Amino acid sequence: MAVRRVIAHLDADAFYATCHELRDPSLKGRPVVVGGSGPRSIVTTASYPARRFGVGSAMPMSRALRLCPEAVVIAPDRELYTSTSQRVWTLVAEAMLAAGAVCDGEEGPIAHLEQAGIDEAYAELVRLEKPLAFLRGLIADVREQTGIQLSAGVSPSRLISKISSDLEKPAAFVVLSREQALERLAGRPLSIVPGIGPKAAETLAGLGFRTLSDLARAEPAALLEHFGESRGTWLAQVADLSVDVPLQPVRLRKSISSENTFEQDVDADAARDPEAAARLREQIEQMALEVAQGAVRRGFRGRNVAIKVRTAAWRTYTRATTLPQYTDEPARVVAEALRLWDEHRPDEPVRLIGVRLGSFEHVERAERGAAGGAQDGPDGGTGGVRQLRLVLDPAEG
DNA sequence: TCTGGGGTCCTAGGACCC
DNA sequence: TCTGGGGTCCTAGGACCC
């Protein structure tokens with residue numbers, strides 16, 4: 001008998017906004033918009049009352065305020081989200097371990113859980129007799145103990161579960177087989193599929209494929225021709241919702257970066273504005289330091305240093321070097337970033353600059369720790385529940 | 001509506017080695 | 001003197017996600 005897979009996608013509703021509401025209950029029920037206050041800031045998360053005004057993620061704040069002038073704008077608070085997130089996913093991991101939904105890790109059992117962001121995760125409910133009852137209980141516990149409401153999509157695959165959890169938010173609990181999903185999603189635009197963004201959607205629309213059922217009629221050969229081997233094959237599998245990628249309970253970080261968009265463009269040409277040019281150089285130095293210190297804190301050493309520049313005209317470029325040895329020495333990272341900057345500094349106004357450190361050496365060991373334990377260190381932790389710590393604090397969007 | 005900051009993954013092309 | 005093909009490492013750009 002074939003083993004029936006049950007994969008849940010768990011996604012916190014309006015996570016950032018809810019974190020703030022939990023800290024300040026007077027915000028509850030009001031149109032809360034999390035985001036910066038500068039002229040170029042965008043909305044990170046909008047509470048459901050704010051969404052009723054048409055406010056949404058990634059929207060320029062200026063537009064959000066035009067749509068909803070009475071919105072309460074709140075500056076993002078990383079630490080608040082990280083600590084709340086840890087409480088939520090620790091609870092989930094512990095419940096799964098207690099219930100026996102575990103896989104083997106090098107150092108013992110790990111919950112069959114893949115964190116996919118600060119506010120979402122996939123859980124594979126192996127060896128549970130009543131997975132749905134378990135999930136409902138878990139979601140109720142999480143809400144009681146943390147105040148966070150999780151939406152759930154449950155199906156035989158990550159893709160279907162991910163799409164499903166989004167269908168009836170907030171507080172969704174959508175259970176679908178592949179066949180039921182094919183029927184229910186047939187007329188939906190392809191943009192509901194994670195991995196099909198604006199560009200791919202446009203290309204597909206040009207070929208006459210706008211919905212999932214359109215795509216199901218596509219010749220696989222045509223998809224391969226337009227999208228190449230890898231993506232073409234994937235799209236063909238999306239069409240019948242047969243995409244199936246195993247969970248990755250432990251993931252390694254690949255890079256650490258820091259970048260900043262200026263409220264106004266800054267002239268990088270030293271001849272025209274030496275002071276501005278000096279400020280930019282200092283910022284590169286500062287960011288390189290930050291990034292290197294982040295690596296030190298986490299016990300990583302990298303080999304690849306890169307800078308990123310976006311000009312006022314929205315031309316974006318990166319310049320990178322690979323060092324002969326791995327390093328976490330701030331002075332080394334700073335020196336490389338400054339060298340790249342000096343060699344590739346634009347002579348036109350810039351809107352963004354950034355620094356990244358990558359190509360980490362930590363192959364030998366997964367980045368994980370005891371959930372809710374120490375904040376950092378490759379194996380830092382209390383030795384309790386083992387859980388991926390992977391994506392540390394990805395912003396929402 | 002003029003577009004953040006943190007990431008991941010993929011592709012193309014060049015250098016270099018055998 | 002001209003020319004092979006595969007593999008690896010690296011850079012750069014871009015799509016995409018939260």
Side-chain angles (χ1 to χ4, degrees), chain A residues 9 11-12 14-16 33-46 54-67 75-76 78 81-82 85 114-121 158-159 162 165-166 190-204 227-234 245 248 251-265 287 290-291 294 303-324 340 344 351-360 367 390-397:
Chain A
H9 178 248
D11 197 344
F15 182 62
Y16 289 5
V33 176
V34 181
S37 54
R40 286 174 168 172
S41 61
I42 57 109
V43 173
T44 305
T45 310
V55 177
S57 290
M59 175 184 287
M61 189 62 82
S62 53
R63 179 162 178 236
L65 289 173
R66 251 173 277 138
L67 288 168
R78 272 293 157 78
Y81 312 142
T82 306
S85 167
E114 176 181 330
Q115 210 169 327
I118 197 163
D119 67 339
E120 60 173 304
R158 318 161 38 119
L159 181 75
K162 166 88 175 164
S165 67
D166 230 13
L190 286 169
S191 54
I192 66 163
V193 176
I196 299 184
K199 297 286 177 184
E202 201 189 324
T203 306
L204 287 162
F227 292 91
E229 174 79 31
S230 148
R231 220 154 138 74
T233 310
W234 179 77
V245 182
Q248 252 181 286
R251 296 182 57 177
L252 301 173
R253 175 191 284 271
K254 302 275 171 73
S255 67
I256 297 175
S257 67
S258 168
E259 63 182 61
N260 181 241
T261 296
F262 305 114
E263 297 199 349
Q264 285 184 312
D265 301 331
M287 289 170 152
E290 229 175 85
V291 153
R303 273 182 74 207
N304 191 272
V305 180
I307 62 161
K308 174 175 170 181
V309 177
R310 176 128 72 212
T311 67
W314 205 267
R315 183 174 70 90
T316 306
Y317 62 87
T318 58
R319 291 295 178 266
T321 47
T322 293
L323 305 171
L340 287 166
H344 303 284
R351 93 177 258 138
L352 171 153
I353 57 176
V355 176
R356 175 171 51 85
L357 179 65
S359 297
F360 294 133
E367 177 184 359
L390 86 314
V391 190
L392 329 90
D393 35 13
E396 228 194 20

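In what follows, chains are A, B, ... by sequence order, proteins preceding strands, each numbered from 1. Being a predicted model, the structure only gives us computed values, none of them experimental.
- Side-chain contact between Tyr81(A) and Thr45(A): absent, with no pair of heavy atoms (C-beta onward) separated by less than 4.5 Å.
- Side-chain contact between Phe360(A) and Leu252(A) is absent, with no heavy atoms from C-beta onward closer than 4.5 Å.
- When the options Arg158(A), Gln248(A), His9(A) are evaluated for a side-chain hydrogen bond (donor to acceptor under 3.5 Å, both in side chains) with Glu114(A), the one that passes is Arg158(A).
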>> Between Trp234(A) and Ile196(A), does the side chain to side chain contact (heavy atoms under 4.5 Å, CB included) criterion hold? Intermediate values first, please.
In response: CA-CA 11 Å; Trp234(A) 179 77; Ile196(A) 299 184; 3.9 Å; yes
> What dot-bracket string describes DNA chain C from 5' to 3', counting Watson-Crick and G-U wobble pairs whose defining distances are under 3.5 Å, with [ ] for crossing pairs and | for pairs to another strand?
Replying inline: ....||||||||||||||
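- The gap from the P atom of dC2(B) to that of dC17(C) amounts to 24 Å, rounded to the nearest Å.
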>> Using a 4.0 Å heavy-atom cut-off to protein, can you give one letter per nucleotide of nucleotides 6-12 of chain C, 5' to 3': B if the base is in contact, S if only the sugar-phosphate is, - if neither?
In response: ----SSS
>> Applying side chain to side chain contact (heavy atoms under 4.5 Å, CB included) to Arg63(A) and Leu67(A), what does each step give before you reach the verdict?
In response: CA-CA 6 Å; Arg63(A) 179 162 178 236; Leu67(A) 288 168; 4.3 Å; yes
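- Atom CZ in Arg63(A) sits roughly 6 Å away from atom P in dT1(B) (whole-Å rounding).
- Between Ile256(A) and Arg351(A), the one whose closest nucleotide on DNA chain B sits nearer the 5' end is Arg351(A).
- A side-chain contact (heavy atoms from CB on, under 4.5 Å) with Arg356(A) is found for one member of Asn304(A), Ile256(A), Ile307(A), Val305(A) and no other, namely Asn304(A).
- Arg351(A) and Thr261(A) share no donor-acceptor pair across their side chains, judged by distance under 3.5 Å alone.
- Ser57(A) contributes a side-chain N or O that, together with a main-chain N or O of Thr44(A), makes up a donor-acceptor pair within less than 3.5 Å.
- Atom OH of Tyr81(A) and atom P of dG5(B) are 15 Å apart (whole Å).
- Summary of the strand contacts: Phe227(A) and Ser255(A) both lie near DNA chain B, and taking for each the nucleotide with the nearest heavy atom, the more 5' one is attributed to Ser255(A).
- Distance, Lys308(A) NZ to dG13(C) P: 12 Å, rounded to whole Å.
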Can you give me the N/O atom pairs linking the protein to nucleotides 14-17 of chain C at distances under 3.5 Å, or say none if there are none?
{"from": "dC16(C)", "atom 1": "OP1", "to": "Gly197(A)", "atom 2": "N", "distance (Å)": "3.1"}
{"from": "dC16(C)", "atom 1": "OP1", "to": "Ala200(A)", "atom 2": "N", "distance (Å)": "2.9"}
{"from": "dC16(C)", "atom 1": "OP2", "to": "Pro198(A)", "atom 2": "N", "distance (Å)": "3.4"}
{"from": "dC16(C)", "atom 1": "OP2", "to": "Lys199(A)", "atom 2": "N", "distance (Å)": "2.9"}
{"from": "dC17(C)", "atom 1": "OP1", "to": "Gly195(A)", "atom 2": "N", "distance (Å)": "2.4"}

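- Judged by distance alone, the side chain of Ser85(A) and the main-chain N or O of Ile118(A) form a donor-acceptor pair under 3.5 Å.
- Lys308(A) pairs with exactly one of Leu340(A), Ile353(A), Thr316(A) by the side-chain contact (heavy atoms from CB on, under 4.5 Å) rule, that one being Thr316(A).
- Taking each heavy atom of Val55(A) and Ala46(A) in turn, the nearest pair found is CG1-CB, 3.8 Å.
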